[in-house]
There are 2 protein chains.
Amino acid sequence: MPAPTPAPSASPVRRRAGRPTAAILDQDGITTAALELISSKGYDGLTMAALARTLGVAPSALYNHVSSKDDVLVLLEDHLAAMVDVSAFGSEPWEEAVRKWAWSYRDVFSEHTPLIPIIAVLPVANAPKTLAMYEAVTAGFRDAGFPEEKIISAIVAIEAFVFGAAYDVTAPADIFDAGTLADQVPNFTAAVDRLALEQHERPTDVAFSLGLEALITGFGALRG
Amino acid sequence: MPAPTPAPSASPVRRRAGRPTAAILDQDGITTAALELISSKGYDGLTMAALARTLGVAPSALYNHVSSKDDVLVLLEDHLAAMVDVSAFGSEPWEEAVRKWAWSYRDVFSEHTPLIPIIAVLPVANAPKTLAMYEAVTAGFRDAGFPEEKIISAIVAIEAFVFGAAYDVTAPADIFDAGTLADQVPNFTAAVDRLALEQHERPTDVAFSLGLEALITGFGALRG
DNA sequence: ACCAATAAATGAATGGCATTCATTTATATC
DNA sequence: GATATAAATGAATGCCATTCATTTATTGGT
């Protein structure tokens with residue numbers, strides 16, 4: 001069996017310092033490599049050293065293209081925002097568009113919860129694709145007759161729910177097992193058992209659906 | 001002016017190694033010291049070394065009482081859960097009880113967002129006070145006529161919203177300023193401007209109220 | 001065609017961090 | 001009184017992000 005052709009990005013070639021013919025690194029390449037690394041080693045494996053190794057460069061070289069590791073996380077966040085499905089706004093009824101948007105938003109970020117603290121406080125001016133998502137959603141709300149002064153608040157509320165629910169997806173299945181304390185919390189234990197008994201969908205999906213439909217119904221009533 | 005009596009916890013006395021008359025450290029003391037440290041230096045200042053310094057011990061001494069820094073965060077989380085107001089369950093109408101619980105929950109954790117990734121996936125068996133909160137809320141839902149098999153899902157949904165909203169509180173005021181990209185996102189920019197114009201409450205509070213009332217209304221309809 | 005400025009890489013620090021471990025010793029237990 | 005144990009010390013360890021002086025190929029100006 002012949003050795004597989006090594007990926008150019010992982011080339012172990014000892015390069016000399018100095019300006020190369022073409023730049024090896026750029027923000028897109030860093031983003032892609034970071035995504036690969038995360039999918040193979042998880043966020044614990046995402047270190048500047050590991051990222052550099054994936055790209056076949058010295059760690060310090062990264063700092064010519066990003067100002068910090070947080071900057072890498074912002075690049076990731078913006079990349080992922082572009083994967084959120086806003087296509088139903090403008091082509092489907094408002095309720096269904098919101099539903100698709102929220103589910104897809106949750107699904108994308110449930111695999112990337114370490115980015116949530118970043119995105120939740122990130123000024124949109126630093127994240128063009130994220131901003132594009134907001135534009136599409138805002139237009140969808142406006143066209144559906146939503147009063148303009150309430151659009152941002154409604155989006156922020158749905159987003160808050162989405163981020164919290166994204167964490168929920170990653171929780172262990174037995175998170176609500178009270179263990180030895182079970183007899184001290186009878187109502188809670190009974191409710192947990194009852195859910196397990198009568199519900200065969202993923203509990204996290206049931207909760208998300210329940211909350212999202214309440215938000216859609218409640219906000220839908222605001223439309224003129 | 002006489003020198004103030006130094007807090008025993010901050011005593012700089014050079015202690016000899018070995019078992020003291022009474023243990024200096026325990027989990028309560030560690031929790032209290034961690035809260036002090038956070039309120040003075042923030043979560044960035046919460047290091048095992050700084051925590052040990054606050055308590056007047058060597059960093060390694062902490063590991064006789066907690067197994068890791070994450071363990072400290074769990075102690076903090078559980079301490080804070082006990083500060084969440086569940087008192088209205090049983091004494092006030094369900095809607096009002098949920099409202100008070102959710103606002104208080106959000107307010108407590110908005111000052112402690114670095115704990116959210118911990119609590120969101122923390123098995124309740126490791127957090128007795130958190131469990132007690134769930135018990136009170138569950139009983140409140142049951143007594144209000146909520147179908148038992150939906151109680152946990154509803155709580156999980158509200159909690160997701162609360163956690164997301166807690167992050168939102170910490171966001172910078174100009175988070176939605178699109179800057180130079182403003183002309184590329186006209187609908188979004190218009191909606192942001194309109195909100196700023198017509199709304200004088202804290203935007204984060206407006207969004208929280210909007211979402212929470214929708215959830216309360218939606219879930220209220222599930223009661224028998 | 002040269003020359004200066006620049007972009008983009010290297011690799012060797014640096015300082016901070018959580019955590020581990022061998023050691024010490026006062027107290028509690030048999 | 002001997003022994004085991006709990007709870008402290010302080011010195012390592014290894015990982016991490018980040019900085020800095022240095023190198024050098026390319027670009028743009030004269």
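The structure displayed is predicted, hence computed values, not measured ones. Residue numbers start from 1 in every chain, and the chains themselves are labelled A, B, ... in the order their sequence lines are given, proteins ahead of strands.
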- From D:dA17, D:dA8, C:dA18, nucleotide with atom closest to A:Y63 side chain: D:dA17

- Query: Within this structure, what is the CD1-to-P distance between B:I30 and D:dA8, rounded to whole angstrom?
  - Reply: 9 Å

- B:I24 CD1 to C:dT25 P, in whole Å, measures 15 Å

- Item | Criterion salt bridge (charged side-chain N to carboxylate O under 4.0 Å, His left out) on B:D85 and B:R99, from CA distance to verdict | CA-CA 10 Å; B:D85 182 10; B:R99 199 172 280 125; over 6 Å; no

- Of the listed nucleotides D:dA11, C:dT10, C:dA9, the one nearest the side chain of B:S60: D:dA11

- Hey, are the side chains of A:V98 and A:I158 touching, using non-hydrogen atoms and a 4.5 Å cut-off? yes

- Item | Side chain of B:P59 (C-beta onward), nearest among C:dT19, D:dT18, D:dA8 | C:dT19

- Query: In whole Å, what is the span from the NZ atom of A:K69 to the P atom of D:dC16?
  - Reply: 8 Å

- When the ring planes of B:F208 and B:F161 are compared, do they come out parallel, tilted or perpendicular, using 30° and 60° as the limits? parallel

- B:M48 side chain, from C-beta outward: closest of C:dT19, D:dA7, C:dT10: C:dT19

- B:N64 side chain, from C-beta outward: closest of C:dA9, D:dA8, D:dT9: D:dA8

- Message: Tell me whether the rings of A:F188 and B:Y134 are parallel (<30°), tilted (30 to 60°) or perpendicular (>60°).
- Response: parallel

- Query: Base, sugar-phosphate alone, or nothing: which one does A:T47 contact when heavy atoms must sit under 4.0 Å apart?
  - Reply: sugar-phosphate

- Item | N or O in side chain of A:H65 less than 4.0 angstrom from C:dA7 OP1/OP2 | no

- For atom CZ of A:R53 and atom P of D:dC16, their distance in whole Å: 11 Å

- Note on the structure: A:D71 atom CG is separated from D:dT18 atom P, nearest whole Å, by 10 Å

- Message: What is the separation between atom CG on B:L55 and atom C1' on D:dT9, rounded to the nearest whole Å?
- Response: 15 Å

- Task: Write down the distance between CG (B:D26) and P (D:dA6), rounded to a whole number of angstrom.
- Result: 16 Å

- Message: Aromatic contact between A:F109 and A:Y105, with the criterion being ring centroids under 6.0 Å apart: yes or no?
- Response: yes

- Take the protein atom CG of A:D70 and the nucleotide atom P of D:dA17, then report the distance between them rounded to whole Å. 11 Å

